[in-house]
Amino acid sequence: MARRDLWPRVEPLLARVERPARYLNHEWGCAAPVAEGDTAFCMIYPDTYELGQANQAVRILVNAVNAAEGMGAERAFLPAVDMADLMREEGVPLFSLESCRPVADFDVVGITLPHELAATNVLETLDLAGIPLRTADRAEDDPIVLGGGPCAYNPEPYAPFFDVILVGEGEEQLPETVALVGDLRASGASRAEILREIAREVGGAYVPSLYRWRDESEAQKAGSWAEPLFEDVPAMVHKRVFEGFAESDALEPMIVPYTEVVHDRLNVEILRGCARGCRFCQAGMMYRPVRERSADNIVAAVREGLAATGYDEVSLTSLSSTDHSQIAEILTRVNADCAGLGVRISVPSQRLDSFGVEMAELVAGQKKGGLTFAPEAGTQRLRDVINKNVTEDDLFSAIDAAFAAGWRRCKLYFMVGLPTETDDDIKGIASLAQRAYDRAKAAVPADQRGSIRMSVSCAVFVPKAQTPFQWDGQISPEETLRRVGLLRRSVKYKAVDVHYHDPKTSFVEAVMSRGGREVADWVEEAWRRGARFDAWTELFDEGAWAGAAEALGISPAEIARAEYGTDYVLPWAHITAAVSPKFLARERERAASGITTPDCTFENCSACGACPTLGMDIGLQKLREAKEGGEPAKNPYRVILGSEANVEEEAML
C-alpha cells in the first residue's frame with residue numbers, strides 16, 4: 001500500500017483552530033520520518049502537544065526505537081477539542097507529526113498512560129485514528145496497539161482497549177516488541193499468533209485477551225482475577241527494568257518546539273527510582289531499585305544539551321534529586337559551567353531533610369523562581385503513618401536556608417484524606433503553614449518581608465495499586481470539601497493561600513486506580529457521553545461519568561471507598577512491580593501502628609523484595625551519607641558504582 005500523506009488535507013484546517021503550531025513538524029532536533037521498509041511505530045501521548053512533547057517518557061521511547069535497526073518511530077498527540085471536532089467534520093483521521101501519515105497506517109501504535117484521567121482520551125485517540133476501540137474488534141491489518149506507563153500497574157480498566165500492555169521501563173522492552181511484530185508480520189503470522197508470541201517472548205508484556213476474567217469469589221480462592229487461557233502465557237507479569245540505566249548517556253536527543261510547552265527546558269534524568277518508602281507513592285514502589293548516573297555523565301549532558309538546544313533552564317530530574325550521592329558535586333560543576341550565562345538550574349523534588357544551607361546556595365543559581373516542599377501531612381503522627389520520615393524541624397531548617405539564600409516564594413504540598421487522618425491533622429496543616437511563613441519572614445531583611453508568599457496546595461489522597469495503601473479507600477467528595485473548609489477556616493494569615501484539587505476528578509482517579517476490568521465499560525460509556533480531556537478542569541464533565549454509571553448499573557463510589565484486609569486479592573494481583581505483596585502488607589500494618597521504615601539506600605535493606613526478584617542491585621555513585629551524618633548501615637543489595645567508594649562498601653560487608 002502506498003504511503004499516505006494527509007498534509008494537503010490538514011493544512012487548510014490550521015487557519016481555523018487555535019495554536020496551529022501544535023500540528024506542525026520540522027521542530028529543531030526532530031527525527032526523519034520512518035524509512036520505507038522499516039517497521040513503523042507511532043508513539044502517542046493522549047493529550048495536547050504542549051503536555052505530550054514535554055513528557056520525558058515519550059522522548060526516551062521514540063529515541064530508543066529510532067536507535068534500533070530496521071524500525072523507526074514518529075510522534076502523535078491528541079488534537080485539542082477544536083481541531084478534533086474539525087477533523088471529524090472534514091473526515092481527516094489522526095496523523096503523525098513527522099510525516100503526516102495516518103496513525104492507522106503504522107505497524108505498531110503505542111499510547112502512554114500517564115495518569116488515570118487520560119482514560120477517555122485513549123478512546124478519543126483510537127476513534128480519531130479510525131482504529132476500533134476494542135482489541136476484539138480489530139482486523140488483521142489494524143496496528144498492534146500497545147499501552148504502558150504508570151497506569152499499567154493496574155491495567156484492567158484499560159484492558160479491552162489494548163492488544164498489549166507493557167509493564168515497566170521500556171528502553172529495551174519497546175524496541176523488542178516492535179521488532180517482534182515486524183518479524184512476525186513479515187513471516188505472515190496472524191494477529192492472534194503475534195499477540196501470543198509477544199506474551200511468551202517479551203518480558204513484562206501483558207496481553208489481556210489471553211486471560212479469562214474471574215468473578216470475585218473465584219478470584220479470592222485462586223489468588224488472581226486473571227486466568228491464563230494457555231499454559232505458555234505467564235500467570236504473573238513481572239515489570240521490566242532497564243539494567244543499563246546508570247551507564248547510559250544522560251543526554252537524550254531532544255526536540256526544541258516551535259510553541260511553548262509545559263516544562264519548556266532541558267531535562268536531564270540524573271537518577272531513577274526512590275526508596276524513601278512513602279506509603280501512598282506508586283512511583284516510589286514501581287521504579288525500584290535506585291540507580292544513579294555519574295556526575296561526569298550528568299555534567300557533560302547538561303553542557304552539551306544547553307549548547308544543542310539553546311535553552312536557558314535545565315532541570316535535573318528524578319523522583320528525589322537531592323538524594324543523589326553526588327548532587328553537591330553536580331550542582332557545583334554545573335553552576336561553574338553556567339556562570340554568567342543567565343541559565344537557571346532547577347532541582348525538582350527537593351527533600352526537606354536534605355535541603356540545608358549548602359544545598360540552598362547550590363540550587364539558588366542566578367534565577368530564583370518558587371520553591372516547593374512536600375510535608376504531605378500536618379502532624380508528625382500522620383507523617384509517621386505515611387512514612388514521610390521528615391519532621392517540622394526539617395521543614396523549618398529548609399525554609400531558613402531557602403529564604404536566606406534569596407527565595408521569596410514557597411509552595412507546601414499536602415494531602416487530604418490520608419488513612420487515619422483526623423480533624424486535628426487538618427488543623428495541623430494550617431498551623432504548620434503559618435509557622436513556616438513566620439520562619440520565612442524571620443530569615444529575610446525587614447524591608448523584603450512584604451514580598452514573601454507562602455501557599456498551601458492540597459491534593460486528595462488516591463489509593464494507588466502496588467502501594468501499602470492499595471487496600472484503603474478514598475473519602476467521599478463531600479467529606480473532602482468539609483475537610484478543606486476546616487483547613488481554610490483554620491488558616492488565619494492572609495498571606496498564606498490555600499488551593500485544593502477538585503475532589504470530583506480525584507474520585508474518577510480512585511475508581512480507575514482501584515477498579516477491575518468492569519471499569520472499562522464505564523470509561524467507554526462516559527466517553528460516548530462526551531467525556532474527554534478530564535484532567536482539564538474546564539472540560540471535565542461530571543454528568544457524563546455519573547450518567548454512564550447509572551446506565552450500566554454500577555456504583556463507582558463502592559470501588560473508590562472500599563476498604564479491604566491485606567489478605568484480599570486485588571484486581572491487579574497478576575501484575576507485579578517486584579515489590580512483594582508481603583512487604584506491602586507489612587508496611588500497611590506498620591502504618592496503622594505509626595512505625596516508620598528507613599530508606600534502604602542510606603540504611604539496612606527493608607526486604608521489599610525488588611532487588612532479589614529482579615536480580616539487580618541498588619547502584620549508587622558513592623555511599624549516601626546517613627541523615628545523622630554517620631556511615632550507612634550495610635546492605636547486601638547496594639553496589640557502589642564509583643571505584644573509590646566501592647572499596648569502602650566491600651569492607652563494610
Side-chain angles (χ1 to χ4, degrees), residues 1-17 20-27 30-49 52-53 58 61-62 65-66 68 70-80 82-112 121-135 137-146 161-163 174 177-179 181-186 188-191 194 255 258:
M1 183 175 67
R3 179 176 296 191
R4 294 188 289 167
D5 181 357
L6 294 173
W7 179 248
R9 298 172 62 190
V10 171
E11 184 179 18
L13 307 182
L14 301 184
R16 302 165 60 185
V17 298
R22 290 166 165 166
Y23 314 108
L24 300 177
N25 182 28
H26 303 300
E27 311 106 310
C30 71
V34 177
E36 289 285 353
D38 283 354
T39 303
F41 171 71
C42 188
M43 182 73 211
I44 303 176
Y45 189 90
D47 212 309
T48 62
Y49 178 91
Q53 184 50 46
V58 170
L61 296 176
V62 168
V65 172
N66 278 328
M71 65 185 78
E74 299 185 20
R75 298 162 294 147
F77 304 93
L78 182 60
D82 60 343
M83 182 66 164
D85 291 346
L86 187 57
M87 288 167 63
R88 284 196 175 93
E89 182 183 322
E90 298 294 335
V92 177
L94 185 65
F95 52 89
S96 68
L97 217 56
E98 277 74 7
S99 64
C100 216
R101 183 180 183 180
V103 165
D105 288 2
F106 283 77
D107 300 299
V108 185
V109 169
I111 305 176
T112 188
N121 277 8
V122 169
L123 303 191
E124 180 80 351
T125 298
L126 292 170
D127 183 69
L128 202 57
I131 300 171
L133 298 186
R134 297 194 174 226
T135 183
D137 299 325
R138 289 175 194 147
E140 286 294 327
D141 58 351
D142 281 323
I144 299 295
V145 181
L146 311 178
F161 312 123
F162 286 97
D163 298 313
L174 178 60
T177 306
V178 174
V181 172
D183 291 344
L184 291 172
R185 280 202 154 160
S190 69
R191 190 179 192 87
I194 292 171
I255 292 169
Y258 288 134

Side-chain donor-acceptor contact under 3.5 Å, Thr39 with Asp107: no
Distance from Ile144 atom CD1 to Phe106 atom CZ, nearest 0.5 Å? 15.0 Å
Ion pair Arg3/Asp105, N-O distance below 4.0 Å: no
Residues forming a side-chain contact (heavy atoms from CB on, under 4.5 Å) with Thr125, sequence neighbours excluded: Ile44, Pro46, Leu78, Leu94, Ile111
Are any side-chain N or O atoms of Tyr258 and backbone N or O atoms of His26, one a donor and one an acceptor, separated by less than 3.5 Å? yes
Flag the pair Asp5 / Phe95 as yes when at least one side-chain heavy-atom distance between them is below 4.5 Å, and no otherwise. no
Go through the structure and list residues passing side chain to side chain donor-acceptor pair (under 3.5 Å) with Gln53, not counting sequence neighbours. Arg75
Would you check if Arg16 and Glu90 make a side-chain contact, meaning some heavy-atom pair closer than 4.5 Å? yes
Contacts of Ala189 that satisfy side-chain contact (heavy atoms from CB on, under 4.5 Å) - sequence neighbours left out: Leu184, Ser187, Glu193, Ile194
Nearest-0.5 Å distance, CG of residue Leu133 to CD of residue Glu124: 10.0 Å
Basic-acidic side-chain contact under 4.0 Å: Arg191, Asp163: yes
Sub-4.5 Å side-chain heavy-atom contact between Leu14 and Met83: yes
Enter the distance from Leu146:CG to Met43:CE here, rounded to the nearest 0.5 Å. 9.0 Å
Heavy-atom closest contact (Glu98 atom, Ala31 atom, distance): CG-O, 3.5 Å
Minimal non-hydrogen separation, Ala129 against Pro93, with atom names: O-CB, 4.3 Å
Is there a donor-acceptor pair under 3.5 Å between the side chain of Arg9 and the backbone N or O of Met87? no
For Ser99, check side chain to side chain donor-acceptor pair (under 3.5 Å) against everything at least two apart and list the hits. Glu74, Ser96
Partners meeting side-chain contact (heavy atoms from CB on, under 4.5 Å) with Glu11 (sequence neighbours left out): Trp7
Is there side-chain contact between Val108 and Met71, with heavy atoms separated by less than 4.5 Å? no
Under 4.5 Å between any side-chain heavy atoms of Arg101 and Leu6, yes or no? no
Does any part of the side chain of Leu174, heavy atoms only, come nearer than 4.5 Å to the side chain of Val65, both counted from C-beta? yes
Output yes when a side-chain donor or acceptor of Asn121 lies under 3.5 Å from a complementary backbone atom of Asp47, and no otherwise. no
Check step by step if side-chain contact (heavy atoms from CB on, under 4.5 Å) holds for Tyr23 and Val17. CA-CA 10 Å; Tyr23 314 108; Val17 298; 4.1 Å; yes
Taking the six-membered ring where the residue is Trp, are the ring centres of Phe77 and Tyr49 under 6.0 Å apart? yes
Those residues at least two apart in sequence (or on a different chain) that pass side-chain contact (heavy atoms from CB on, under 4.5 Å) with Pro132 are Asp137, Arg138, Asp142
What is the distance from atom CZ of Phe161 to atom CD1 of Ile131, rounded to the nearest 0.5 Å? 14.0 Å
